[in-house]
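Quick caveat: nothing in here was measured; it's all calculated off a predicted structure.
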Amino acid sequence: MKITKIELAGKMNDSGMPDFFATIHRVPGNDYMTVTIIGPDGEREHVVEVDCPEDVFSMAQCLQYHLDGCKGTNSMVHDYYRILEHFTD
């Protein structure tokens, strides 16, 4: 089994809706995953090298910050890192 796409929603705001959403996608065989973060300012697409742990960790930090709405602890970042690992080789 290979996961090719995951969609995430950030923490809920006062109106009960998340401010940020993210989509993680990788075409099988591609050396990169695409992470799209959608927020109030629009949409940003990130390309992450799947064989570079530093690149994956940096993306985990970015996802954690936007989806949780704060700079998180190392364990919070690692929760996102584990999700991203589904897209690495």
**Report entry** Backbone N/O of Cys70 and side chain of Gln64: donor-acceptor pair under 3.5 Å
**Finding:** yes
Query raised in the report: Quick one: do Met12 and Ile38 end up in the same hydrophobic cluster if we chain Ile, Leu, Val, Met, Phe, Trp and Tyr together by side-chain heavy atoms under 4.5 Å apart?
Result: no
Report task. Provide the closest heavy-atom pair for Pro18 versus Gly10 in the form atom of the first, atom of the second, distance. Result -> CB-O, 3.4 Å
Query raised in the report: Which side-chain hydrogen bond (donor to acceptor under 3.5 Å, both in side chains) pairs, counting each pair once, include a residue from residues 74-89, with sequence neighbours left out?
Result: Arg26-Asp89, Asp68-Tyr80, Thr73-Ser75, Asp79-Arg82
Query raised in the report: Taking C-beta and beyond as the side chain, do Val50 and Leu84 meet within less than 4.5 Å on heavy atoms?
Result: no
**Report entry** Ile6 reachable from Phe21 in the ILVMFWY side-chain graph, under 4.5 Å edges
**Finding:** no
Query raised in the report: Which residue pairs satisfy the salt bridge (charged side-chain N to carboxylate O under 4.0 Å, His left out) criterion with at least one member in residues 8-17, sequence neighbours excluded?
Result: none
Requested in this report: Supply the members, apart from Val47, of the Ile/Leu/Val/Met/Phe/Trp/Tyr cluster built from side-chain contacts under 4.5 Å; use none for a lone residue.
Outcome: Tyr32
Report task. Give a yes or no on this: more than 12 heavy atoms of other residues, nucleotides or ligands lie within 6.0 Å of atom NZ of Lys71. Result -> no
Query raised in the report: Are Phe57 and Met33 in one and the same hydrophobic cluster, where Ile, Leu, Val, Met, Phe, Trp and Tyr link if side-chain heavy atoms are under 4.5 Å apart?
Result: yes
Query raised in the report: Taking a hydrophobic cluster as the set of Ile, Leu, Val, Met, Phe, Trp and Tyr residues connected by side-chain heavy atoms closer than 4.5 Å, whether directly or through intermediates, do Val56 and Leu67 fall within one such cluster?
Result: yes
Report summary line: Note: with side-chain heavy atoms under 4.5 Å as the link, the other cluster members for Tyr65 come out as none
Query - Transitive ILVMFWY side-chain link Met76 to Ile83, under 4.5 Å - result: no
Requested in this report: Can you run down the salt bridge (charged side-chain N to carboxylate O under 4.0 Å, His left out) pairs that involve residues 36-60, sequence neighbours left out, and say none if there aren't any?
Outcome: none
Requested in this report: Might you work through the side chain to side chain contact (heavy atoms under 4.5 Å, CB included) test for His46 and Thr34, ending with a clear yes or no?
Outcome: CA-CA 6 Å; His46 304 265; Thr34 303; over 6 Å; no
Report task. Tell me, please, which residues at least two apart from Asp19 pass side-chain hydrogen bond (donor to acceptor under 3.5 Å, both in side chains). Result -> Asn13
